[in-house]
Enquirer: 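Handing you this structure, nothing more for now.
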There are 4 protein chains.
Amino acid sequence: MNYNHIREAAYKANMQLPELGLVLFTFGNVSAVDRTLGVFAIKPSGVPYNELSPAKMVIVDFDGNTVEGNLRPSSDTLTHAVLYKHWINIGGIVHTHSTYATAWAQSQRDIPIFGTTHADHNTVDIPCAPPMDDEMIKGNYEYETGFQIMNCFKEKELNYEEVEMILVGNHAPFTWGKTPEKAVYNSAVLESIAQMAYLTGQINPKAPRLKNALIKKHFERKHGPDSYYGQ
Amino acid sequence: MNYNHIREAAYKANMQLPELGLVLFTFGNVSAVDRTLGVFAIKPSGVPYNELSPAKMVIVDFDGNTVEGNLRPSSDTLTHAVLYKHWINIGGIVHTHSTYATAWAQSQRDIPIFGTTHADHNTVDIPCAPPMDDEMIKGNYEYETGFQIMNCFKEKELNYEEVEMILVGNHAPFTWGKTPEKAVYNSAVLESIAQMAYLTGQINPKAPRLKNALIKKHFERKHGPDSYYGQ
Amino acid sequence: MNYNHIREAAYKANMQLPELGLVLFTFGNVSAVDRTLGVFAIKPSGVPYNELSPAKMVIVDFDGNTVEGNLRPSSDTLTHAVLYKHWINIGGIVHTHSTYATAWAQSQRDIPIFGTTHADHNTVDIPCAPPMDDEMIKGNYEYETGFQIMNCFKEKELNYEEVEMILVGNHAPFTWGKTPEKAVYNSAVLESIAQMAYLTGQINPKAPRLKNALIKKHFERKHGPDSYYGQ
Amino acid sequence: MNYNHIREAAYKANMQLPELGLVLFTFGNVSAVDRTLGVFAIKPSGVPYNELSPAKMVIVDFDGNTVEGNLRPSSDTLTHAVLYKHWINIGGIVHTHSTYATAWAQSQRDIPIFGTTHADHNTVDIPCAPPMDDEMIKGNYEYETGFQIMNCFKEKELNYEEVEMILVGNHAPFTWGKTPEKAVYNSAVLESIAQMAYLTGQINPKAPRLKNALIKKHFERKHGPDSYYGQ
């Protein structure tokens, strides 16, 4: 098997994280999937970004088994595996501990949709999944984190193809997308939205959510059949 | 027709936005007008800044029709067109989602004039236009955004040649000026003022507005017949 | 007369301001004095930092008269002149609109001495001079700003050789020192202290001032006959 | 004696502080120990980072006596000496005045464990030692600072091999580790945790501490016999 294409894609996407200011040291990871082969390439655990190379990416299947690679994969690998297995149209996943998004996750609060920067990307508040039950934490923790994310989407009746980001309560954000590049883009957008929402709440604690007509308009400018943003 | 001068001017001004830290990805756009030809050059929609070139700028008339260019113009083009059409002394327009200015826009609050940094550029609170009526949003949204901006200036009896910046409620800032460079300068000044005003409100929630004598003095240092700032 | 030594000193010190993140565009200025010649070199008004050169510095006497130079001196020149004239041991003066120090000035609050970073440089709260009377503002404003600063020191019984920084209420900070380099150093230290004090007040609105024993100890570590900091 | 290995290690670690944004001017210092020789290498006092070299590091014994070197050692040297003497498994120590950690120290508050970024490194709130008694301050201040740190650990029943960081009330953070690199890493982690905790408290003043099951899980992922983070 030749996995060079996903090794290369995962490598490039991982290297964007420090460039975008989304990680300190090794606190983040990106994966890139090949749906035909049923595997994904993911950052090795604890390896600094400036020592990464495509060859160091680890190839893992959807049950979390290492298929190829000499290094141990990211400790969050099972969360990626669960999401790839069940959300079949995802092409890439990102996990970071970016400052503002993580602060919201630690606050256990959804990020309210306060403006059009948010609405350009999501029509809803950015969900914050509650912390897991103790039994799940003591069990297969990273595996359960994947289900915690999916359960939160089910309860809130969200569609992972429309909302491509979540905060895991007390932990930090996960984002995804059709490609690893899009997933990284979503992580940077989330961090920016999180910072703006924080400042908005400080300036005006009673700031109202964006009204529905504006939510609809801005989302449709960028998405859907009549979108007119981009080329 | 030769539009190279405004293509070049719009290109240079657009490239300043990431340098000044005012944009993430493609969340901003600058245009440069030629009043004699009745057209302006504007950033193409969704094209990353590092892929821009003067040749990629799109030439558009004051009704929003593309006059020359292979790419789709910025999705905010109609807002620019309306402002150029009615505010006949504007030479350039900038739209960004810069962090602090956008937070104030999301808070739906005018930025109070707290100090001389503000007064060096404006004698009034920086206005925040209210969100539009739903009918206007559903209609020709970007076109109506231009009128929303102008209506706010009319209601507050502001002069667009004296006050060269506005927040569009729930959305983000627009700035303008006699030249595209001045409009970009205004965007950076607005972001700085917005951050200082945010911090001032946090340090002292009862911080008073700047007194009139100081407002007048500082503005006149930089502007008007007796100005003594600059060369 | 040869003014090259103060032109060079003022140039170098001015160029440090953007490097240290203390200025946006031209919102700051540094001067360097020659006490024997009774003149100082100061940044020309409104000239961007990347266009500065030693030759462009303007030579001014202690009454604010331009002695040599083709450009108009900084609009704050008279404030520098007054301070050089009356505070005879100052070698350099800096004015910036740095973000956090300016926010405290706009808040019209002294910066409380919360910790040893502050005490390493000052034994008192950093004073904030009140805004001027309207008559003074309408008169020779920059000249009066110099007196406003000196009056604040008199009222608070502060010594300009011990406390080398002040906030001018609603305006922004001024700092000084035995040399222009020291004055720039003080501007950077002030901005850092201002940010830390802001954060301290947010984390603990009842945070106590530093106790006297620590104020004394830390100041004496760096200053005075028994100092043991530095070489 | 040849001290080149610890000179080199201390030099490299010191140079990381400005790269990681943890120091302004000379407000920080790192030391590296050689337990066999019973000495450590530490930054000279007041020397700017861009003028440092391995040869300028000062060699000091555990009682604070200079063993080799022409420059005066950091004014915090005695604090390092005390900690090396009593905490026998420490290989490196860092002191900074990094912005957010110092703000917490000035607030005299422990940093609550709000999320997994914190739990990846510590299972407890990051302790803030109370300010010293006046008698200790007037005495051998830096020496007493070492005991202040150790006493705080004793009172809170903390183990310096598990918790490698502390805030000294009204002053600033100290961190340590098995190596100087690890101690610098801890300083950067502490600053990031301090910023996130600050933001969390602002977003949700009632944000709960992380629950015990998550604290345990995340710490064990990175530490202890069953850790599965890193290579």
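In what follows, every chain begins at residue 1, and chains take the letters A, B, ... in the order their sequences are listed. Note that the structure is a prediction, hence the values are computed from the model and not measured.
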Enquirer: Which residues in residues 24-34 of chain C have any heavy atom lying under 4.5 Å from a heavy atom of chain B?
Expert: C:Leu24, C:Phe25, C:Thr26, C:Phe27
Enquirer: Is B:Lys56 atom NZ crowded by more than 12 heavy atoms from other residues, nucleotides or ligands, each under 6.0 Å away?
Expert: yes
Enquirer: Measuring from B:Met150:CE to B:Thr79:OG1, what's the distance to the nearest 0.5 Å?
Expert: 10.0 Å
Enquirer: Within residues 121-145 of chain C, which residues come under 4.5 Å of chain B, heavy atom to heavy atom?
Expert: C:Pro131, C:Met132, C:Asp133, C:Asp134, C:Ile137, C:Lys138, C:Gly139, C:Tyr141, C:Glu142
Enquirer: Would you give the length of the straight line joining atom OH of B:Tyr84 to atom OG1 of B:Thr77, rounded to the nearest 0.5 angstrom?
Expert: 10.5 Å
Enquirer: State, to 0.1 Å, how close C:Val60 and C:Pro73 come at their nearest heavy-atom pair, and which atoms those are.
Expert: CG2-CB, 4.1 Å
Enquirer: Just to be sure I understand the criterion: a residue of residues 88-119 of chain B counts if one of its heavy atoms is under 4.5 Å from a heavy atom of chain C. Which ones qualify?
Expert: B:Phe114, B:Gly115, B:Thr116, B:Thr117
Enquirer: As an exercise: rank B:Gly230, B:Ala207, B:Pro205, B:Pro208 by heavy-atom pairs under 4.5 Å with chain C and give me the winner.
Expert: B:Gly230
Enquirer: Would C:Lys43 count as a cation-pi partner of C:Tyr49, with NZ or CZ less than 6.0 Å from the six-membered ring centre and within 45° of the ring normal?
Expert: yes
Enquirer: More than 12 non-hydrogen atoms from neighbouring residues, nucleotides or ligands closer than 6.0 Å to CG on C:Asn70, yes or no?
Expert: no
Enquirer: So which heavy atom on C:Ile149 is nearest to which on C:Trp87, and how close?
Expert: CG2-CH2, 3.8 Å
Enquirer: I need the C:Tyr11 OH to C:Asn4 CG distance, nearest 0.5 Å.
Expert: 14.0 Å
Enquirer: Could you give the distance from CD1 (C:Ile59) to CZ (C:Phe40), rounded to the nearest 0.5 Å?
Expert: 9.5 Å
Enquirer: Please find the pair of heavy atoms, one from C:Asn14 and one from C:Leu52, that lie closest to each other, and give the distance.
Expert: CB-CD1, 4.0 Å
Enquirer: Could you tell me whether C:Lys12 atom NZ has more than 12 heavy atoms of other residues or ligands within 6.0 Å of it?
Expert: no
Enquirer: If you count heavy-atom pairs under 4.5 Å between each of C:Gly46, C:Pro44, C:Ser74 and chain B, which one has the most?
Expert: C:Gly46
Enquirer: Considering only heavy atoms, give the residues of residues 171-203 of chain B separated from chain C by less than 4.5 Å, sorted numerically, with 'none' for an empty result.
Expert: B:Tyr185, B:Ala188, B:Val189, B:Ser192, B:Gln195, B:Met196, B:Ala197, B:Tyr198, B:Leu199, B:Thr200, B:Gln202, B:Ile203
Enquirer: Give, as side chain, backbone, both or neither, the part of B:Asn212 having an atom under 4.5 angstrom from any heavy atom of chain C.
Expert: neither
Enquirer: To the nearest 0.5 Å, what is the distance between NZ (B:Lys154) and NZ (B:Lys156)?
Expert: 15.5 Å
Enquirer: What part of B:Lys222 is in contact with chain C, defined as an atom under 4.5 angstrom from a non-hydrogen atom: side chain, backbone, both or neither?
Expert: side chain
Enquirer: For C:Phe153 and C:Tyr160, I'd like to know if the aromatic rings sit close, meaning centre-to-centre distance below 6.0 Å.
Expert: no
Enquirer: Quick one: does B:Glu162's side chain get under 4.5 Å of B:His223's, heavy atoms only?
Expert: no
Enquirer: Looking at every non-hydrogen atom in both residues, tell me the closest pair between C:Val47 and C:Glu51 and how far apart they are.
Expert: CG1-CB, 4.1 Å
Enquirer: So which heavy atom on C:Ser75 is nearest to which on B:Tyr228, and how close?
Expert: CB-O, 4.0 Å
Enquirer: Looking at B:Lys211, B:Lys206, B:Gln231, which makes the most heavy-atom pairs under 4.5 Å with chain C?
Expert: B:Gln231
Enquirer: Show the nearest heavy-atom pair for residues B:Met57 and B:Ala10, with the distance to one decimal.
Expert: SD-CB, 4.0 Å
Enquirer: Between the main-chain N or O of C:Asp61 and the side-chain N or O of C:Asn65, is there a donor-acceptor pair closer than 3.5 Å?
Expert: no
Enquirer: Calculate, to the nearest 0.5 Å, the distance between atoms NE2 and OH belonging to C:His5 and C:Tyr3 respectively.
Expert: 9.5 Å
